[in-house]
Amino acid sequence: MTSPHRLDSSVRAGRVDRTRRLRGTVDGVELSGHPGDTLASALLAEGRIVAAPSIHRGRPRGILAADCTEPNALVQLHGACPEPMLTATRVELYDGLVAESLSGVGRVGPEADTAVYDKKYVHADVVVIGAGPAGIAAALSAGRSGARVVLVDEQRELGGALLDGTERIDGHPATEWIGRAVRELVELPEVRVLTRASAVGCYEGNYLLVAEKRTDHLAEAGPQQPRQRLWHLRTQRVVLATGAHERPMVFADNDRPGIMLASAVRSYINRYAVLPGQQAVVFTTSDSAYTTALELLDAGARVPALVDTRPDPPAHLAEQVRAAGGQVYPGSAVVGTGGQERISSVRISELDEQGSLTGTPREVECDLLAVCGGWNPVVHLFSQAGGTVRWDPVVAGFLPEEPTGSLPKVVGAARGTYDLAGCLSQGLAAGAEAATTSGFRVAVPPVPPVAGDRPSTRPRPLWLVPAEEGTSEQWHTHFVDLQRDSTVADIWRALGAGMRSVEHVKRYTTISTGQDQGKTSGVNAVGVIADALMAGSPGEVGTTTHRPPYTPVPFALMAGRDRGGLHDPVRTTPMHSWHVAAGAVFEDVGQWKRARYYPRAGEDMDAAVQRECLAARTGVAMQDVSTLGRIEVVGPDAPEFLNRIYTNGFAKLPVGKARYGMMCTADGMVLDDGVSMRLAEDRYLMSTTTGGAAGVLDWLEEWLQTEWPHLGVHCTSVIEQWAAVAVVGPDSRAVVGRIAPELDVSAEAFGFMEFRDTVLRSGVPARICRVSFSGELAYEVNVPAWYGLAVWEEVAEAGADLGITPYGTETMHVLRAEKGFVIVGQDTDGTVTPLDLGMDWVVSRRKDFVGKRSFARPDTARTDRKQLVGLLPMDPQQQLPEGAHLVDPDGPRQPPVPMLGHVTSSYRSAALGRTFALALVADGRRRVGEVLCAPAGGTDIAVEVTKPIFYDEEGVRRDGRQYE
């Protein structure tokens with residue numbers, strides 16, 4: 001098998017290993033290449049420039065780019081790791097590769113993906129994204145300080161654009177400088193280099209996601225060798241050296257196979273020793289494509305025309321091209337192309353100062369058209385992190401605004417600096433600054449001298465090449481987005497429909513919504529819109545929002561190993577082994593295994609729960625409450641944030657105290673509740689229900705990110721960091737006093753809803769809080785999770801002579817229900833307000849909060865809404881089924897039967913010596929004293945409606961005052 005377009009090694013050696021040959025198939029046709037080839041370069045080497053037809057119009061398309069911006073050459077891989085919608089420019093060739101070209105629609109096959117996907121969590125001082133000259137310089141500068149540095153690049157080797165050129169750094173070829181830099185970075189003990197790794201997300205607080213391909217380039221991987229790894233990076237400073245993407249040009253029939261980006265042509269020549277065409281026309285708005293023309297000529301191709309939109313391009317560049325055998329056409333544009341399966345000619349016309357066509361078009365034969373419409377600085381990650389961009393008319397691109405605070409620092413081509421010396425200078429300075437800010441002071445290294453660099457002059461962007469006079473062109477072949485098959489006509493249709501926002505036009509036309517997310521089309525679309533609206537510049541139109549991921553990421557990588565049995569993992573507390581040994585019966589609450597009850601020999605659940613309840617009411621009992629949600633809310637605006645989230649006030653809560661809080665959804669319905677402690681002026685520890693913890697954290701983040709992004713607040717789940725023991729009952733003060741001898745646990749010194757930090761008798765640091773979900777005197781002992789089992793055993797030992805009894809969730813339900821304490825999700829169902837629960841005291845009248853406005857809605861203010869009440873069966877030994885409907889005893893029994901409410905909780909009480917229940921009943925509080933019926937099992941159970949508090953209504957037992 002031959003590769004007719006592979007250059008002889010004497011002309012270009014490339015960066016591929018020609019001593020080895022790899023074989024694969026594409027669309028059933030055999031393909032060969034070398035290690036270091038991409039699928040795209042191997043195809044081009046064999047002269048196969050055509051990709052699959054376009055998605056909607058079925059037009060022939062070809063390979064356009066050499067990197068992640070490729071819109072056309074999409075493939076589906078088959079084999080051990082089937083995956084759709086990959087760009088041929090990013091798929092590394094390996095032996096046995098089997099691929100199928102796609103027209104923009106992939107398929108998820110039935111085969112199971114047996115590959116391993118990993119996650120890794122890393123903290124760093126400085127993370128540098130991009131390993132071109134600016135990125136390497138930044139990593140070197142920061143790494144020499146001793147800081148923990150991570151350098152990330154999506155290519156298989158470092159160097160970026162330096163791998164395509166002939167520049168010299170410090171008197172040596174740039175590739176030698178790269179080699180020395182790589183060796184130094186590898187030897188620095190605190191520096192980590194990730195290649196084949198794409199930074200796909202950059203979030204607030206310098207949190208990054210990096211998708212690393214570890215074995216995708218190998219024919220076979222070991223059984224436990226991960227295919228890909230998702231890095232979660234937390235760092236103090238980020239330096240973005242992400243470079244710039246070259247833009248194509250918008251002209252008639254600009255989508256034919258054989259039209260490629262000029263920088264891509266240069267990459268294929270120099271990196272892969274592949275010459276995509278023999279007769280090449282170059283069409284440009286700026287200087288960089290002149291280098292491509294010279295590379296083509298040097299590689300043996302003819303350049304019959306270099307077409308420059310500028311009437312006066314740099315004379316020295318034009319002269320170099322002419323001296324090498326090329327022709328230069330200044331002040332001109334390619335207005336159309338000819339050809340069937342591949343481009344065969346272009347038509348060139350002169351431009352006047354206003355960008356209109358003049359003169360008679362000239363036709364030039366070619367088999368390759370290299371285009372450069374300018375450069376787009378890659379500001380995606382900067383924008384994701386919250387940075388803003390501005391249009392720069394000199395660079396003709398959107399540039400990042402100077403960052404403030406901890407926003408990433410952008411250097412090199414990503415901020416519109418295209419000369420090598422400037423990139424090195426910015427990278428070295430940014431790396432030193434990032435390290436110094438992180439606590440590793442270091443001086444900025446001197447900038448090494450460079451040679452072979454060509455300072456660029458101002459481009460002349462041409463957003464839309466006019467159609468030729470006399471043609472029937474209606475802008476239907478002026479393609480803006482090749483992947484989505486969207487044209488100038490589509491944009492004009494959107495504008496004609498009245499749309500002016502670039503975001504609206506994007507969605508109407510689908511431009512920038514493809515797999516490539518508009519990397520080659522987004523700015524061109526903005527330019528076309530600006531021209532059509534006569535807006536003056538693209539800056540007045542603005543740009544679309546850059547959202548993660550920067551490049552597509554497999555769902556399998558996002559899941560990692562969390563699949564199958566690990567998709568919904570079982571979570572256990574540090575005391576779980578003790579509960580198992582004690583014979584506990586467990587129930588699933590969320591993902592947690594919680595002890596439901598602890599049966600002794602001969603006991604069923606009812607008997608065990610009765611015994612546990614009596615211990616809590618008459619002596620002392622203990623429960624593992626480590627599963628409760630715990631969220632640290634930290635920041636200068638944390639008091640204001642909690643004031644807005646909770647229905648009651650938290651801003652004035654003193655440090656050292658706790659408060660019960662309830663939060664509502666925007667429609668005023670109860671979402672969750674719990675006790676929050678104020679640890680410091682700017683720090684709270686919020687507790688939530690066990691099953692609601694994840695949802696509450698999502699709720700907090702939603703408001704912070706979408707409604708109040710200006711608030712300085714961070715929310716972090718710390719459930720796994722703590723273990724907690726609830727010590728409950730009249731004798732609980734004695735037990736806590738034994739395990740914490742340095743703590744004054746008297747009622748006078750340690751009041752309800754207060755907490756104290758102390759050291760237990762065993763030497764374990766602890767935070768003890770006076771809270772009660774049972775209505776009895778109670779304490780909650782919180783310790784770091786790794787001490788959980790030891791402290792649980794310590795509490796059990798301290799209370800042994802007092803008959804301390806472990807109790808589970810079923811007993812907890814009985815105890816709280818006797819006091820009328822609700823459980824969100826059991827006594828509420830998303831249609832219940834705090835007022836319905838009779839909890840007016842928890843709703844502030846003096847401040848605003850999420851859901852408050854909804855309380856004024858007519859439906860929410862109705863007096864006949866379902867309200868929380870108690871129920872006492874007329875037969876004290878008859879237990880109501882939970883969920884049973886309640887009806888009028890004198891009402892109809894044939895459908896439809898009017899339902900007055902339903903039973904939410906139903907238990908047998910040892911303290912009351914009878915059964916009881918809680919229920920939601922229409923106009924329930926007015927019905928206290930009435931008798932209702934609960935149809936169940938073919939019989940009616942008569943119940944009396946009561947207040948929802950059955951035990952110690954005065955609350956004297958909460959502080960142990962029943963003995964005073």
Side-chain angles (χ1 to χ4, degrees), residues 67-69 124-142 149-154 158 160-162 198-210 233 235-247 374-438 444 447 456 519 522-523 539 542-548 550-551:
D67 55 16
C68 67
T69 65
D125 299 306
V126 180
V127 173
V128 181
I129 306 298
I136 292 175
L140 286 172
S141 182
V149 177
V150 180
L151 175 61
V152 178
D153 193 81
E154 64 181 1
L158 308 188
L162 290 179
S198 298
V200 294
C202 185
Y203 306 91
E204 182 183 8
N206 291 332
Y207 167 53
L208 299 114
L209 287 181
V210 174
L233 297 178
T235 182
Q236 296 196 54
R237 306 299 299 178
V238 176
V239 178
L240 296 179
T242 44
H245 294 153
E246 193 171 25
R247 293 191 293 261
W375 294 85
N376 298 327
V378 181
V379 296
H380 300 62
L381 297 177
F382 180 77
S383 297
Q384 289 176 19
T388 58
V389 298
R390 60 178 174 83
W391 178 258
D392 188 293
V394 176
V395 174
F398 286 99
L399 298 185
E401 293 280 12
E402 190 63 29
T404 59
S406 62
L407 280 174
K409 182 76 172 180
V410 186
V411 296
R415 61 178 292 180
T417 300
Y418 299 130
D419 65 289
L420 178 56
C423 289
L424 292 173
S425 175
Q426 290 178 12
L428 292 170
E433 178 188 358
T436 300
T437 304
S438 301
V444 179
V447 180
S456 59
K519 291 182 175 63
V523 176
T543 186
T544 56
T545 302
H546 299 295
R547 298 182 177 89
Y550 168 68
T551 53

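Worth saying up front: this structure is predicted, and the values here are computed from it rather than measured.
More than 12 heavy-atom neighbours from other residues, nucleotides or ligands sit within 6.0 angstrom of CD on Glu401.
Judged purely by atom type and a 3.5 angstrom limit, Ser438 uses its side chain to pair as donor or acceptor with the backbone of Asp125.
In this structure, Leu420 CG and Ser425 OG are separated by 11.0 Å, a value rounded to the nearest 0.5 Å. Remark: His380 NE2 to Cys202 SG distance equals 13.0 Å, nearest 0.5 Å.
The minimum heavy-atom distance linking Gly405 with Arg237 is given by the pair O-NH1, 3.4 Å. Residues Val410 and Arg415 come closest through the heavy atom pair O-CD, 3.0 Å. The two residues Gln384 and Gly201 come nearest to each other via the heavy atoms OE1-CA, 3.2 Å.
Residue Val127 is tested with Val239, Leu240, Leu208, Val210 for a side-chain contact (heavy atoms from CB on, under 4.5 Å); the sole match is Leu208. Residue Val126 is tested with Leu151, Val238, Val150, Val149 for a side-chain contact (heavy atoms from CB on, under 4.5 Å); the sole match is Val149.
Two residues are said to be in side-chain contact when any heavy atoms from C-beta on lie closer than 4.5 Å; Val378 and Tyr550 meet this criterion. Within the 4.5 Å cutoff, side-chain heavy atoms of Val395 are placed close to those of Tyr418.
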Legend entry - Criterion side-chain contact (heavy atoms from CB on, under 4.5 Å) on His546 and Val379, from CA distance to verdict: CA-CA 8 Å; His546 299 295; Val379 296; 4.0 Å; yes
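Listed by chain and number, the residues in a salt bridge (Lys or Arg N to Asp or Glu O under 4.0 Å) with Arg547 amount to none (sequence neighbours excluded). Scanning for salt bridge (Lys or Arg N to Asp or Glu O under 4.0 Å) contacts around Asp67 gives an empty result, with sequence neighbours left out.
Listed by first and then second residue, the ring pair (Phe, Tyr, Trp, His ring centres under 6.0 Å) pairs involving residues 389-413 are Trp391-Phe398, Trp391-Trp463 (not counting sequence neighbours).
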